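Atoms considered below: every heavy atom in the structure, side chains included; atoms not considered: hydrogens, waters and symmetry mates. Just so it is clear, the structure is predicted and the values come from calculations on it, not from any experiment.
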Amino acid sequence: PHHKRKEPNYFQPETVYKILDAAETESLHHKTFINLAVVTGARRGEIIGLRWKNIDFDTGITQIDHSLLYSSKRGIYESDTKTGEHRTVRLPMEVIDLLRQLKIEQAKLQLASGDRWTDTGYVFTQDNGKPTHPTSWAGWLNKFSQKHGLPHINPHAFRHTAASMLIANGVDDVTVSKYLGHKDPNTT
């Protein structure tokens, strides 16, 4: 039998602005995640798998080369991106500034934690330096959307939104496909 495809979930620009405005009231950790999701269209695992070494703070160029995933048998583990492709994205300076602030905040947390800190090099960590659980972001986004009276937000909706916004602004399908890390522009 044919699998019935769901209609992709995405946001109109006015909703994106509401989400970004609401993110201003959240922790730097969450605010940075939302901003990265909006501007990169990266998968949830690619965002939480981002390492500090992958970010060039001077140019805004960021390398997306792996993903953090979870399975009940393996726990949290690092893997290639879904397509196995590495890609670079240029981040706006506003997002680079958020990342700079987050790095400073994380360094302070590391000092306060002492030998309890596990230096993983990830941008998004728990209070002990270990990576955040991939599924925790969906739960947090659900609470965030309810708290701020926003429509349901799942992390993948930002991916569809980024693609739609790029196409609406005249970016060709092949470029959008590469930006999102699709192997085939038909997927885009």
Engineer: I want to check something: taking the side chain as every heavy atom from C-beta on, are V38 and F11 in contact at a cut-off of under 4.5 Å?
Structural biologist: no
Engineer: Less than 4.5 Å apart, side chain to side chain, heavy atoms only: is that true for L36 and F158?
Structural biologist: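 When only atoms from C-beta onward are counted, F158 and L36 do not touch, as no gap falls below 4.5 Å.
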Engineer: Return each pair, listed once, that meets ring pair (Phe, Tyr, Trp, His ring centres under 6.0 Å) where at least one residue sits in residues 135-155; pairs must be two or more places apart or across chains.
Structural biologist: H29-W137, H30-W137, H30-W140, F33-W137, F124-W137, W140-F144, F144-H148
Engineer: I'd like to know if the side chain of Q106 and the backbone of V123 have a donor-acceptor N/O pair within less than 3.5 Å.
Structural biologist: yes
Engineer: Quick one: list whatever passes salt bridge (charged side-chain N to carboxylate O under 4.0 Å, His left out) with D56, sequence neighbours left out.
Structural biologist: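 D56: no salt bridge (charged side-chain N to carboxylate O under 4.0 Å, His left out) contacts found.
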Engineer: Could you please spell out the steps behind the salt bridge (charged side-chain N to carboxylate O under 4.0 Å, His left out) verdict for D97 and R100?
Structural biologist: CA-CA 5 Å; D97 289 342; R100 278 192 181 104; 3.2 Å; yes
Engineer: Flag the pair N35 / E94 as yes when at least one side-chain heavy-atom distance between them is below 4.5 Å, and no otherwise.
Structural biologist: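 Not in contact.
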Engineer: Of all residues at least two apart in sequence or in a different chain, which pass the salt bridge (charged side-chain N to carboxylate O under 4.0 Å, His left out) check with E105?
Structural biologist: none
Engineer: Counting heavy atoms not belonging to Y17, are there more than 12 under 6.0 Å from its OH?
Structural biologist: no
Engineer: Show which residues join Y77 in its hydrophobic cluster (side-chain heavy-atom contacts under 4.5 Å, direct or indirect), or state none.
Structural biologist: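 Listed partners: L69.
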Engineer: Under a 3.5 Å distance rule, please check whether T120 uses its side chain to pair with a backbone N or O of G129 as donor and acceptor.
Structural biologist: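 Flag set: sc T120 to bb G129 pair under 3.5 Å.
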Engineer: Please collect all salt bridge (charged side-chain N to carboxylate O under 4.0 Å, His left out) contacts where either partner lies in residues 58-77, sequence neighbours excluded, each pair once.
Structural biologist: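 Listed by first then second residue: nothing to list.
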Engineer: Taking Q126 for the side chain and T132 for the main chain, is one N or O donor matched with an acceptor at less than 3.5 Å?
Structural biologist: no
Engineer: Just checking K31: does its NZ atom have more than 12 heavy atoms from other residues, nucleotides or ligands closer to it than 6.0 angstrom?
Structural biologist: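 Yes, enclosed.
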Engineer: With a 4.5 Å limit on heavy-atom distance, are the side chains of V16 and L20 in contact?
Structural biologist: yes
Engineer: Tell me every residue that passes salt bridge (charged side-chain N to carboxylate O under 4.0 Å, His left out) with K147, counting only those two or more places apart in sequence or in another chain.
Structural biologist: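 Only E26 meet the salt bridge (charged side-chain N to carboxylate O under 4.0 Å, His left out) criterion with K147.
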Engineer: Main chain of Q63, side chain of N54: is a donor-acceptor contact present, judged purely on distance under 3.5 Å?
Structural biologist: yes
